[in-house]
Amino acid sequence: MSAQLIDGKAIAQKVKDDVAAAVAARVAAGKSKPGLATVLVGERVDSATYVRMKQKACADLGMESFHHPLPSDSTQEEVENLVRELNADPTVNGILVQLPLPDHLDEEKVLQAIDITKDVDGFHPINIGRLAQKGREPLFVPCTPFGCIHLLKESGVKIEGANAVVLGRSNIVGMPAALLLVRENATVTVVHSRTQNIPEVVRRADIVIAAIGKMEFVRGDWVKPGAAIIDVGINSKPDATRKRGYRLVGDVNFDEVKEVAGYITPVPGGVGPMTIAMLMKNTLRAAEIQDQ
Ligand code: GUN
């Protein structure tokens, strides 16, 4: 293995330790505990797991969490009314509506209903719009892309002037990751399903953020020697040697790419822990913004 492993678990723990210390200092100064409201519509098992992990992180860091499960057949009005109640609740500093929502709901309208000072996911159109514009500052940056940039910086990877390739253009990861890299002065290419000759595009990259949802998609011979590889993918690969019958792999063929890259994140233990750490950081920031 030639690549340096980027330890997302350790880097996330450091972020969470800093947040916990700031929360303790706030409370000691007589200020409120930051509070995060989670909204889960329906019974998706993966979403329920992610929300549970977010609630646990709040408890671990001395913050409050308020969970609001809604049935899968909730109406648009019911979901938006809940968001408006949370907007008005002073004990709630951050509002997280777990995505994806059931198909009958209008995601954009739900996200638009969130008070932008409580938009800890950074998905409100005003926050995303500010992220996309020069000279504007979003109040919050989406947690997974924020975590990817933090991993690069903590590993000493130079972003300014680098050729960066983002694989995937989702609203949650790919697009905001590309916008953040532009703000960090990288030269950015976004690869998607209609991109021609993807291996050749990836070969030019000093930094790759892979969030395309295809198991082990990025191959060793696509990677520029020394490149930094951030793997956002989480895919279940059948594995008879494991008790549960599968193991988690990313969107990067780790065994091949680790021999060529300069830096690489593992799956699990790379980007995954960063999403929650950055959500906690955003929730603390929300409380600080609302203090003022
Ligand atoms: N679904 C997958 N990732 C995320 C995320 O970061 N935030 C929310 N709200 N939903 C998600």
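Order of listing sets the numbers, starting from 1, for every ligand and every atom in it. Counting begins at 1 with the first residue of the sequence.
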Where does L279 meet ligand 1, judged by heavy-atom distances below 4.0 Å: at the side chain, the backbone, both, or neither? neither
Any chain of hydrophobic side-chain contacts (each under 4.5 Å) joining V15 to I149? yes
Do M280 and C58 come close enough that some side-chain heavy atom pair is under 4.5 Å? yes
How about NZ on K54, more than 12 heavy atoms from neighbouring residues, nucleotides or ligands closer than 6.0 Å, or not? yes
Take atom CD of E288 as the centre, draw a 6.0 Å sphere, and report whether it contains more than 12 heavy atoms from other residues, nucleotides or ligands. yes
Heavy-atom nearest neighbour in the protein, as seen from [atom], with distance rounded to 0.1 Å:
atom	result
atom 3 (N) of ligand 1	I172 CG2, 3.8 Å
atom 10 (N) of ligand 1	L99 N, 3.0 Å
atom 11 (C) of ligand 1	Q98 NE2, 3.5 Å
atom 7 (N) of ligand 1	D121 OD1, 3.0 Å

Is the closest N or O pair between P100 and ligand 1 shorter than 3.5 Å? no
Can you tell me how far CG of L131 sits from CG of L179, rounded to the nearest 0.5 angstrom? 5.0 Å
Within less than 4.0 angstrom of ligand 1, does Y50 place any heavy atom? no
Please evaluate residues S32 and T91 with respect to the criterion side-chain contact (heavy atoms from CB on, under 4.5 Å), reporting the C-alpha separation (whole Å), side-chain torsions for both, the decisive distance (0.1 Å), and the verdict. CA-CA 8 Å; S32 66; T91 64; over 6 Å; no
